[in-house]
Peer 1: 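Supplied in structure tokens, the structure appears directly below.
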Amino acid sequence: MSNSFDDIPFFDEEPEPAPRKAPAPPPAGNAGLGIAARAMAARDQHRAPDYLSGLNPEQREAVETLDGPVLVLAGAGTGKTRVLTTRIAHILETGRAFPSQILAVTFTNKAAREMKERIGVLVGGAVEGMPWLGTFHSIGVKLLRRHAELAGLRSDFTILDTDDVIRLIKQLIQAEGLDDKRWPARQFAGMIDTWKNKGLLPADIPEGDARAFANGKGRELYAAYQARLKTLNACDFGDLLLHPIAIFRQNPDILKDYHNRFRYILVDEYQDTNTAQYMWLRLLAQRPKGVPQNVCCVGDDDQSIYGWRGAEVDNILRFEKDFPGARVIKLERNYRSTEHIIGAAGHLIAHNEGRLGKTLFTDRVNPDDEKVIVHAAWDSEEEARAVGEEIERLQRGDSDGKKHALNDMAILVRASFQMREFEDRFVTLGLNYRVIGGPRFYERMEIRDAMAYFRLVCQPADDLAFERIINTPKRGLGDTTVRYLHDYARARDIPMLQAAADIIETDELKPKARKALFDVVQSFRNWSQKLENTPHIELSEQILEESGYTDMWKNDKSAEAPGRLENLKELIRSMEAFESMRGFLEHVSLVMDAEQNEDMDAVSIMTLHSAKGLEFETVFLPGWEEGLFPHQRALDEGGRAGLEEERRLAYVGITRAKRRCHIWFVSNRRIHGLWQSTMPSRFLDELPQMHVDVAVADTNYGGYGGGRGGYGQSRFDKADPFANTYSTPGWKRAQQNKTDATRDNWGTRSGHAVERIGYGESGPRGRTIEGELVAKSTTETPSQFSVGDRVFHIKFGNGNIAAIEGNKLTIDFDRAGQKRVLEGFVERV
DNA sequence: GAGCCGTTATTTTTT
DNA sequence: ATAACGGCTC
């Protein structure tokens, strides 16, 4: 990726690169014998193309089918990235196109980076980094910088992050005279995001959506937001796709230029594309009749896990219709995992409908390979303890004599709150771990503040940056002054910094405020002047010093302050890799991740979502319980489709494992501070017995599995390894109740309630009626208990009720102390 | 402008 | 339980 938009040559100026080996490529349209012959000649000229050797026949077909649309359905671990990179190498080596004529799109910066590296290895350093290899968004920016004026922007427009967007929307909501509490800006930002994912501009949004927000002013608000972005000379992430789409549609000549340019288009993770990305791609892939559309999309419908943020699996399912004559190549030979892991994952995912249908296989079968092991634990604490023990066992090499590195192990959770218990446990054990995901470097407050200073220096019209730091550190420029500045600027349609400069010439402000503002304006003038001729590192340090920002944290006595100062230093350090401040800002707005420390040997803890694309020798999958996984909310909001996406998530989880996969479920989990009994996930039932073992009790209290004899017992039990697990009354009832839709918030399934306290057919619980949650809290329903009652809880034992609020009981337990539990989980004794 | 208190939500995450 | 946010008071 380029570090700065300054150094991207504009379209017309871009020099044709000197041919590397082959003569200038002929137009893509003239595909035929000539090209094939030439390609072969090119291939023969420089040795055997060793990059092709070692590919299996399907991979090779995917690499060598260069003309016309190709869909590569690449199952987990089948060498997807290899195909993609080799294909690009092949295009380049055969002289079919120059690097600048290949458009290659990924979703994440990480994927883009990886691809670049691997192509470099294949083709050799001689080929310039491909200018059009990047994420949808980074390519979108590049396009938009070139044609900004067609979208009503200047080419130095700012890219707003989510935080800026929310603040901006909040202002608009207030400006409309609406109650910003009743209509949360965050929610509207989410709606806009959803609309933009679908490619909808204010005029296009459904009437229902428009009415649902801001007293029916949804559409106006969206339009006002877009207008405000334009005056701010700014874009949100969605605009990076939508503006280019609009430009292409309104300027056929420009689109045609790009058609001529991009001889080959490649898309990674096609199953994750949303409608806007799809539209963008269709526009660029269009060709006149008879000219082959050299589009190659790679993806796996079984790994589509981002439906909730607008990804349309349909895009991949529809590929053959969209691109007539498409060649569909399935990669099903898995190079990653054992037959048991593949078998387990394959059987599970087969429960989904509407798949394109791949079946992974491997012929590297080893009788020593471990099956997927399902463990039961009493509660989440025991789960963490047992996983910790297993990790230490592997580390010591107890089981197979081999000492395993922590780096080869990962714990993949459904929801991030699950991480905590593992972290706590590992801290006690002194076991190294690293959390992947979580709050990101560039999202930290101090980094955003510093960035706001830099932004304002580079782009004096950046009002959002102005408002962020005008009184940080405190300068006595409070709400009143800022509001005044804001109104003044809006009235004259000038940036706030300009307004500030104007106002200090007058005597509108009180002397104190005026002086403070004067100083700020002077500082920014000074810094802006230095922008061009001072090294940006130096200037950045100077800004943070002179503004008093560093001092602010030096004087702060809170525990975080030293860390924040450290982060600021890190920020400056990370700027060294860039040529200019602008280049750095551009990078950060698109690349929000910072490097992870990989020197340490540590267990990785992350969500299933962030595990996609990774692999580990050993994978632990805790929390396979109904309500958590599949997640209740996915079921409530997504219905059957939601369930299938959860199942794909499970599939992704299992297929991350190369050799060992341990799945866990617990009988009790604390959710929102309340202990809940839980049932094993239905996904466990969907695993094939031949590839799965149920672990014998890991501890004395081993929950469902516990009834089952001690160590003498073989895991390879004859009959039904699930017999214990699934023959409990609760599970059977759960099976019956599956269809009843009698669940409210997770955990309070009527099935369980019935079991524990013997309600009649209809417990006084919330019911799901037509997807709407009714009677979520049962405040109106008189509790069946009274204060002072003696009750029994399955985890905490006996106790006395101390207080009752709705269906929540506060109980003084004899042994466990005071806890709050749902009344469904205790019974009178 | 800091500190206190009540309210609220609490799946997943990129760019 | 718990953290984060917003509004209020001093």
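Each chain gets a letter, A, B and so on, in the order its sequence line appears, and its residues count up from 1. None of these values were measured; they are calculated from a predicted model.
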Peer 1: Between atom OH in A:Y442 and atom P in B:dT15, what is the gap in whole Å?
Peer 2: 13 Å
Peer 1: Do the side-chain N or O atoms of A:N109 get closer than 4.0 angstrom to the phosphate oxygens (OP1, OP2) of B:dT14?
Peer 2: no
Peer 1: Are A:H631 and B:dT11 stacked, counting the six-membered base ring, centres under 5.5 Å, planes under 30°?
Peer 2: yes
Peer 1: From the options B:dT10, B:dT12, B:dT15, select the nucleotide whose nearest atom is closest to the side chain of A:H672.
Peer 2: B:dT10
Peer 1: Given B:dA2, B:dT15, B:dT13, identify the nucleotide with an atom nearest to the side chain of A:K474.
Peer 2: B:dA2
Peer 1: Nearest to the side chain of A:R420, heavy atoms from C-beta on, is which of C:dA3, B:dT13, B:dT11?
Peer 2: C:dA3
Peer 1: Where is the tightest heavy-atom contact between A:P630 and A:S681, given as atom of each residue plus distance?
Peer 2: CD-OG, 3.5 Å
Peer 1: Between A:R656 (side chain only) and A:V652 (backbone N and O only), is there a donor and an acceptor less than 3.5 Å apart?
Peer 2: yes
Peer 1: Can you check whether A:N274 has a side-chain N or O nearer than 4.0 Å to OP1 or OP2 of B:dT14?
Peer 2: no
Peer 1: A:L608 has an atom CG; how far is it from atom P of B:dT13, in whole Å?
Peer 2: 9 Å
Peer 1: With rounding to the closest Å, how many angstrom separate the P atoms on C:dA4 and B:dT11?
Peer 2: 15 Å
Peer 1: Go through the N and O atoms of the side chain of A:R633 and the base of B:dT12, and report whether any donor-acceptor pair is under 3.5 Å.
Peer 2: no
Peer 1: Is any side-chain nitrogen or oxygen of A:S138 closer than 4.0 Å to OP1 or OP2 of B:dT15?
Peer 2: no
Peer 1: Rounded to the nearest angstrom, tell me the gap between atom NZ in A:K142 and atom P in B:dT15.
Peer 2: 17 Å
Peer 1: My understanding is that only residues two or more places apart in sequence, or in another chain, count here; which of them pass salt bridge (charged side-chain N to carboxylate O under 4.0 Å, His left out) with A:R475?
Peer 2: none
Peer 1: Rounded to the nearest Å, what distance is computed from the CZ atom of residue A:F417 to the C1' atom of nucleotide B:dA9?
Peer 2: 14 Å
Peer 1: Applying a 4.0 Å non-hydrogen cut-off, can you work out what A:E269 is touching in the nucleic acid: base, sugar-phosphate, or nothing?
Peer 2: nothing
Peer 1: B:dT14, B:dT12, C:dG6: which one has an atom nearest the side-chain heavy atoms of A:R414?
Peer 2: B:dT12
Peer 1: Can you figure out which of B:dT15, B:dT13, B:dT10 approaches the side chain of A:F237 most closely?
Peer 2: B:dT15
Peer 1: Can you see which heavy atom on A:Y549 is nearest to which on A:T472, and at what distance?
Peer 2: CE1-CG2, 3.8 Å
Peer 1: Nearest to the side chain of A:T162 - B:dT12, B:dT13, B:dT15?
Peer 2: B:dT15
Peer 1: Counting only side-chain heavy atoms from C-beta out, which of C:dT2, B:dT15, B:dT11 sits nearest to A:A415?
Peer 2: B:dT11
Peer 1: Heavy atoms only: give me the nearest A:Q303-A:R648 pair and the separation to one decimal.
Peer 2: N-CD, 4.3 Å
Peer 1: Taking atom C1' of B:dT11 as reference, at what distance in whole Å does atom CD1 of A:I671 sit?
Peer 2: 12 Å
Peer 1: Hey, is A:F136 doing a stacking thing with B:dT15, by the 5.5 Å centroid and 30° angle criteria?
Peer 2: no
Peer 1: What integer distance in Å separates A:I305:CD1 from B:dT14:P?
Peer 2: 11 Å
Peer 1: On a whole-Å scale, what distance lies between the P atoms belonging to C:dA3 and B:dT12?
Peer 2: 16 Å
Peer 1: Using atom CZ of A:R113 as one end and atom P of B:dT14 as the other, report the distance to the nearest whole Å.
Peer 2: 12 Å
Peer 1: Starting at atom OH of A:Y306, determine the distance to atom C1' of B:dT13, rounded to an integer number of angstrom.
Peer 2: 6 Å
Peer 1: Toward the 5' end of DNA chain B, which comes first, A:L649 or A:N471, by nearest nucleotide?
Peer 2: A:N471
Peer 1: May I ask you to say what A:D193 touches in the nucleic acid, namely base, sugar-phosphate or nothing, with a heavy-atom cut-off under 4.0 Å?
Peer 2: nothing
Peer 1: Do NZ/NE/NH1/NH2 and the carboxylate oxygens of A:D156 and A:R145 come within less than 4.0 Å?
Peer 2: no
